[in-house]
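The block underneath contains the structure these notes are about, expressed in structure tokens.
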Amino acid sequence: MKKICRILEYGSLSEGKESRDCKSLPSHAFRELENYVLSVQSGESDVSKWLSLSVKRNIGKVISAKNYVGAIRLKDGTIIEILPKIFTSDEEGEKQAEKILGEILRVLKSERCIIPRHSGVSAIGMDIFEVFIEMFIDEVISITKRGLKGGYIPIEENSSFYRGKIKFTQQIKFNCVHKERCYIEYDDYNANRPENRLLKAALLSLYRYSSSSKNRKNIKILLNIFSPVETSVNYSADFRRCSCDRNLNYYQNALLWSKMFLKGQSPTPISSSKEAGTVAILFPMEKLFEKYIEVLLRRELNGGDYTVLAQKSEQVLFTERGKNNGFMLCPDIIVKRKNDESIFIIDTKWKILDRLKRNYGISQADMYQMYAYQQKYKAEKVVLLYPKADSSPSDQKIVFESADGSSVSIQFVDLLDVKNSMKKIAFQFK
């Protein structure tokens with residue numbers, strides 16, 4: 001039976017011993033994960049961005065998560081889910097975190113943001129790894145509806161029929177006594193191109209991994225469609241051969257997923273593991289939160305009176321004298337009201353503020369950044385937006401002001417009641 005182990009961001013895993021923020025794994029599973037971390041660590045990527053190996057007193061070796069969420073599947077089928085840390089690490093807090101992550105995945109899947117499109121099935125009730133498999137399946141289904149892309153594949157063979165051109169060196173070598181045969185080279189148009197081979201290999205692999213009857217059923221249907229296609233046997237070579245042709249843009253999300261499943265490579269810079277069968281699909285939580293808020297804000301301001309821009313560089317903080325290079329300003333979200341050309345800026349921060357800390361724990365660097373946004377963009381309002389948690393300040397209208405009239409509004413979004421929260425946030429721009 002598949003075992004699911006859930007931890008929150010910054011939580012830890014140990015070999016046997018447990019504590020408040022440390023879950024235990026069986027010895028074989030812990031050793032496999034340890035080897036996975038070490039194998040990635042020896043590669044090109046910086047594994048310290050998402051997992052770290054250390055020692056804790058009275059516990060021993062631990063593997064700790066950072067601010068990445070998602071799932072790691074070990075060879076024995078164990079699923080390690082890393083959930084957003086916004087509530088306590090008890091069972092109730094984990095349920096709330098799972099609900100929040102499920103809703104974020106559902107919204108982003110429907111918009112093809114960071115995580116590809118989804119057909120609408122709720123993520124709640126399925127382990128996260130099965131959700132990712134389902135998302136990949138949806139992408140492949142979308143491709144098959146448009147038709148598998150074919151291409152001209154060069155083929156060499158010793159044939160009884162002449163076509164293309166004769167390879168004279170091979171003809172002399174192989175057909176000295178077989179005058180009835182021709183060693184030829186020709187181009188054959190078929191679907192057996194590297195992109196399709198990789199998708200078929202991923203489907204075959206996931207058919208073995210998946211424990212969801214629905215996912216396995218859909219994979220079986222897709223494999224029938226891919227029956228004329230060979231299975232990739234050299235993933236690295238086939239990924240290098242993939243075309244950048246814009247006519248294959250509709251393949252890109254599915255190929256990204258296949259790289260994750262086949263090589264353990266996430267959209268983040270994580271190397272493949274030497275531990276065959278270990279797959280990590282992890283996303284930086286701050287990016288998920290930023291995209292989630294952007295999508296919800298677009299939905300609230302979906303009329304023609306507003307323009308919502310994300311990660312748009314329109315202003316320069318400094319430029320080098322006599323040169324064009326400089327330091328660009330790139331707010332997370334810019335809202336422009338068309339009737340009076342007012343500008344509002346929102347920067348999302350995946351950080352839990354604490355009412356007991358000085359300035360609630362708000363980073364001074366973030367405040368410098370917001371001041372620069374207001375000065376350069378002449379923004380009517382700038383907002384630092386944080387997730388609401390138990391430790392958040394009870395006052396939901398926190399405003400910091402400077403002597404020159406600049407101000408920064410600190411606001412919170414309740415991820416357990418996100419619909420009403422976003423209505424209130426959007427209302428201030430109307």
Side-chain angles (χ1 to χ4, degrees), residues 69 84 86 99-124 131 135 138-139 142 249-250 252-253 256 267 283-315 328-351 366 369-370 373-374 376-388 396-397 408-430:
V69 297
I86 190 170
K99 179 180 178 181
I100 288 170
L101 182 57
E103 177 62 15
I104 291 174
L105 293 176
R106 186 189 67 79
V107 170
L108 295 186
K109 285 178 292 190
S110 67
E111 299 287 335
R112 288 189 94 118
C113 296
I114 295 181
I115 303 177
R117 179 169 51 86
H118 182 54
S119 59
V121 178
S122 172
I124 304 301
V131 173
M135 291 154 66
D138 285 345
E139 287 297 325
S142 176
N249 283 344
Y250 67 104
Q252 295 311 306
N253 277 338
L256 175 62
F283 298 89
M285 189 58 212
E286 67 269 15
K287 290 296 182 183
L288 290 184
F289 182 57
E290 176 189 319
K291 273 293 183 183
Y292 182 52
I293 297 300
E294 175 202 333
V295 170
L296 294 179
L297 191 61
R298 287 185 191 277
R299 291 181 180 180
E300 289 296 329
L301 301 175
N302 59 2
D305 296 332
Y306 300 89
T307 301
V308 179
L309 303 173
Q311 290 291 329
K312 182 75 172 178
S313 296
E314 294 184 341
Q315 298 291 336
M328 302 297 296
L329 290 174
C330 188
D332 290 343
I333 301 170
I334 301 174
V335 178
K336 293 184 177 181
R337 193 164 57 201
K338 295 179 181 178
N339 60 357
D340 59 3
E341 297 185 349
S342 296
I343 292 177
F344 307 86
I345 290 177
I346 299 177
D347 245 35
T348 60
K349 302 296 179 184
W350 182 253
K351 181 180 180 180
D366 290 340
Q369 188 178 42
M370 300 307 287
Y373 290 159
Q374 189 160 59
K376 284 291 184 178
Y377 283 86
K378 307 301 180 187
E380 182 174 323
K381 191 168 191 177
V382 293
V383 176
L384 275 173
L385 187 62
Y386 295 87
K388 181 182 177 183
Q396 297 295 293
K397 295 181 180 179
V408 177
S409 175
I410 309 300
Q411 297 182 23
F412 301 89
V413 57
D414 186 349
L415 295 176
L416 292 174
D417 187 19
V418 72
K419 187 174 181 179
N420 288 327
S421 275
M422 290 308 300
K423 283 185 181 296
K424 293 176 183 177
I425 291 167
F427 181 76
Q428 64 190 304
F429 307 133
K430 297 180 179 180

I'd like to know whether Asn420 forms a side-chain contact (heavy atoms from CB on, under 4.5 Å) with Asp414, so could you lay out the CA-CA distance, the side-chain angles of the two residues, the decisive distance to 0.1 Å, and finally the verdict. CA-CA 8 Å; Asn420 288 327; Asp414 186 349; over 6 Å; no

Is the closest side-chain heavy-atom distance between [X] and [Y] below 4.5 Å?
X: Phe289; Y: Val413; result: yes
X: Leu108; Y: Val295; result: yes
X: Phe427; Y: Lys424; result: no
X: Met135; Y: Val131; result: yes
X: Met422; Y: Ile293; result: yes
X: Glu139; Y: Leu256; result: no
X: Val335; Y: Tyr306; result: yes
X: Asp347; Y: Asp366; result: no

Which heavy atom of [X] sits nearest a heavy atom of [Y], and at what distance?
X: Tyr386; Y: Lys351; answer: CD2-O, 3.4 Å
X: Gln374; Y: Glu380; answer: NE2-O, 4.4 Å
X: Val69; Y: Met285; answer: CG2-SD, 3.7 Å
X: Lys99; Y: Leu416; answer: CD-CD2, 4.4 Å
X: Ile86; Y: Trp350; answer: CD1-CH2, 4.2 Å
X: Ile425; Y: Phe412; answer: CD1-O, 4.1 Å

As an exercise, state the distance from [atom1] of [X] to [atom2] of [Y], rounded to the nearest 0.5 Å.
X: Arg337; Y: Ile343; atom1: CZ; atom2: CD1; answer: 11.0 Å
X: Gln315; Y: Ile334; atom1: CD; atom2: CD1; answer: 8.5 Å
X: Lys381; Y: Ile346; atom1: NZ; atom2: CD1; answer: 9.5 Å
X: Asp332; Y: Leu309; atom1: CG; atom2: CG; answer: 12.5 Å
X: Leu384; Y: Ile410; atom1: CG; atom2: CD1; answer: 4.5 Å
X: Tyr377; Y: Lys336; atom1: OH; atom2: NZ; answer: 8.0 Å

Test Asp305 against Asn339 for side-chain contact (heavy atoms from CB on, under 4.5 Å), laying out the working first. CA-CA 7 Å; Asp305 296 332; Asn339 60 357; over 6 Å; no

Who passes side chain to side chain donor-acceptor pair (under 3.5 Å) against Tyr292, sequence neighbours left out? none

Salt bridge (Lys or Arg N to Asp or Glu O under 4.0 Å) between Arg298 and Glu294, intermediate numbers included: CA-CA 6 Å; Arg298 287 185 191 277; Glu294 175 202 333; 3.1 Å; yes

Between Glu103 and Ile100, is there a donor-acceptor pair closer than 3.5 Å when you use the side chain of the first and the backbone of the second? no

Just wondering, more than 12 heavy atoms not from Lys338 lying within 6.0 Å of its NZ? yes

